[in-house]
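Predicted, not measured: the structure shown is a model, and the values here were computed from it.
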Amino acid sequence: MMDRNNLMRVLLLASLLLTDVRCEKDAVFVYSRLGGETLLPCFKPESQDCSSITWTFYKSGQVRYTEEVIEGQVRADSDKSSRMSVKPNCSITLRDLIAADTGSYVCLKHGKPITDVYLSLLTITSISTITDLQPGGNLTLSCILFTYYDIGSCKAYYSNFNLSWVAEDGATLPRDTRYEQIFRARCNITLVIKLQMEDNNRKWRCQVDTTENSTGLFLDFTSTFLFQNTPTAQKVVPSAPTDCPVQLPISRIVLCVALPVMVLIVGFFTWRGDRMRAKTSATGIELKEI
């Protein structure tokens with residue numbers, strides 16, 4: 001019996017060594033937004049000298065890890081070099097985050113790992129068109145968490161976070177027929193909303209709640225109506241007559257008064273000229289007869 005117990009202990013110890021389990025490392029789960037900026041901490045560097053610090057990056061599906069920081073300096077040929085910088089405490093910042101940045105980062109000192117950082121990124125996408133953003137339309141929002149393990153898919157044992165759709169203030173959405181949540185995976189949930197008039201410029205929040213002692217993350221989407229529903233047919237109703245006369249501009253009033261006056265004046269002087277010419281002609285004829 002004693003030999004069997006000793007054998008089990010040896011096998012357990014061997015399995016821990018083979019699976020590379022280390023109790024002295026710190027594990028940190030970092031959640032950020034796609035396109036944002038994040039800090040990847042390195043704990044216990046024991047000095048401000050980062051010349052002995054190396055950062056490696058491993059992404060699920062890759063054959064091996066890549067070295068991003070060597071002797072405290074970002075590798076110039078790294079695809080993250082323009083977006084990565086080393087802090088005085090040997091932590092690193094990463095800007096303009098993309099889906100390919102998700103993965104496992106390890107801070108090593110003299111080749112020995114001291115901090116494991118697992119980076120996940122949150123994003124919201126919508127398949128709805130602009131014409132859907134109006135009362136009566138359907139707004140479909142997909143919230144995806146790009147995890148260090150897999151994009152948009154989490155295994156059953158990965159249970160250190162919870163992804164959910166909530167109201168703008170973080171409250172649970174009411175049980176209403178116009179809300180439908182579709183759980184495609186633990187890292188991919190969809191919200192379908194039957195829009196109403198009061199939903200114009202309203203925010204819809206996808207929230208990550210974590211089980212670690214870290215700050216939760218959320219991302220908002222604003223539904224802005226660019227078009228409003230209009231009746232398909234409108235009846236033209238004639239306006240009721242009123243006692244109020246039509247108000248015309250002063251220029252039109254002056255024109256309407258002055259034009260007849262001018263016509264009368266021109267007509268008068270034309271008539272008078274024709275009469276004087278007639279008299280002159282008659283006088284000439286009388287002189288010739290004498």
Side-chain angles (χ1 to χ4, degrees), residues 27-39 60 96-103 117-234:
V28 182
F29 295 88
V30 176
Y31 301 88
S32 189
R33 302 175 179 86
L34 207 66
E37 179 178 342
T38 192
L39 174 68
S60 177
D96 301 326
L97 294 167
I98 60 176
D101 293 331
T102 58
V117 183
Y118 301 95
L119 176 62
S120 301
L121 299 177
L122 186 67
T123 184
I124 295 177
T125 58
S126 175
I127 63 174
S128 300
T129 62
I130 295 178
T131 54
D132 293 327
L133 298 179
Q134 57 182 331
N138 286 330
L139 173 61
T140 303
L141 300 175
S142 179
C143 182
I144 300 177
L145 185 66
F146 296 86
T147 68
Y148 72 92
Y149 185 84
D150 196 5
I151 296 178
S153 175
C154 294
K155 304 302 181 182
Y157 57 82
Y158 189 77
S159 58
N160 59 328
F161 77 91
N162 181 51
L163 194 63
S164 61
W165 281 102
V166 295
E168 182 179 354
D169 57 356
T172 303
L173 289 175
R175 294 184 177 275
D176 197 323
T177 54
R178 75 189 192 99
Y179 299 113
E180 181 184 4
Q181 295 197 50
I182 304 172
F183 295 88
R184 305 186 184 280
R186 296 192 61 252
C187 299
N188 186 347
I189 59 175
T190 299
L191 177 66
V192 181
I193 311 147
K194 191 72 172 180
L195 294 173
Q196 297 179 353
M197 185 65 70
E198 58 268 21
D199 294 330
N200 189 24
N201 293 323
R202 183 176 178 181
K203 292 182 180 180
W204 310 94
R205 175 169 297 182
C206 182
Q207 183 169 286
V208 180
D209 297 315
T210 63
T211 57
E212 303 91 8
N213 296 325
S214 58
T215 305
L217 174 70
F218 64 86
L219 194 60
D220 290 337
F221 180 92
T222 303
S223 55
T224 302
F225 296 171
L226 298 182
F227 302 96
Q228 297 287 344
N229 272 337
T230 55
T232 55
Q234 293 182 350

(request) Report yes if the side chains of F29 and S120 come closer than 4.5 Å at any heavy-atom pair, otherwise no. (result) no
(message) I need the I98 CD1 to T123 OG1 distance, nearest 0.5 Å.
(response) 13.0 Å
(request) Working to the nearest 0.5 Å, report the span between CG of L145 and CG of N188. (result) 10.0 Å
(request) Mind listing the closest non-hydrogen atom pair of C187 and T147 along with its distance? (result) SG-CG2, 3.4 Å
(message) Under the salt bridge (Lys or Arg N to Asp or Glu O under 4.0 Å) definition, can you give me all pairs with a residue in residues 195-204, not counting sequence neighbours?
(response) R178-D199, D199-R202
(request) Could you tell me whether the side chain of T190 reaches within less than 4.5 Å of the side chain of T140, counting heavy atoms only? (result) yes
(message) Nearest 0.5 Å, please: how far is CG in L141 from CD in Q181?
(response) 11.0 Å
(request) Answer whether the closest heavy-atom distance between the side chains of L122 and L163 falls below 4.5 Å. (result) yes
(request) Enter the distance from Q134:CD to M197:CE here, rounded to the nearest 0.5 Å. (result) 9.5 Å
(request) Using atom types as modelled and distance alone, determine if a side-chain donor or acceptor of K194 lies under 3.5 Å from a backbone N or O of G136. (result) yes
(request) First locate atom OG1 of T172, then atom OH of Y179, and finally report the distance between them rounded to the nearest 0.5 Å. (result) 12.0 Å
(message) Do N138 and D132 make a side-chain contact, defined as non-hydrogen atoms from C-beta onward lying under 4.5 Å apart?
(response) no
(message) Are the side chains of C206 and F221 in contact, using a 4.5 Å heavy-atom criterion?
(response) no
(message) Side chains of T131 and T129 only: does a donor on one sit below 3.5 Å from an acceptor on the other?
(response) yes
(message) For a 4.5 angstrom cut-off between non-hydrogen side-chain atoms, does Y118 reach V30?
(response) no
(request) Output the distance between atom SG (C143) and atom CG (L191), rounded to the nearest 0.5 Å. (result) 10.0 Å
(request) Spell out, as yes or no, whether a donor-acceptor pair under 3.5 Å connects the side chain of R205 to the backbone of S164. (result) no
(message) Tell me the closest heavy-atom pair linking T102 and A99, and the distance in Å.
(response) OG1-O, 2.8 Å
(request) Give the ring-plane orientation class for Y31 versus F161, where under 30° counts as parallel, over 60° as perpendicular and anything between as tilted. (result) tilted
(request) Return the minimal non-hydrogen interatomic distance between W204 and S223, and the atom names on each side. (result) NE1-OG, 3.1 Å
(request) Quick one: closest heavy-atom pair of Q207 and G170, and the distance? (result) OE1-CA, 4.2 Å
(request) Looking only at non-hydrogen atoms, find the nearest pair between L97 and L121 and report the distance. (result) CD1-CD2, 3.6 Å
(request) Give the minimum heavy-atom separation between T38 and L119, together with the two atoms involved. (result) CG2-CD1, 4.2 Å
(message) Quick one, S126 and L139 - any side-chain contact, counting heavy atoms below 4.5 Å?
(response) yes
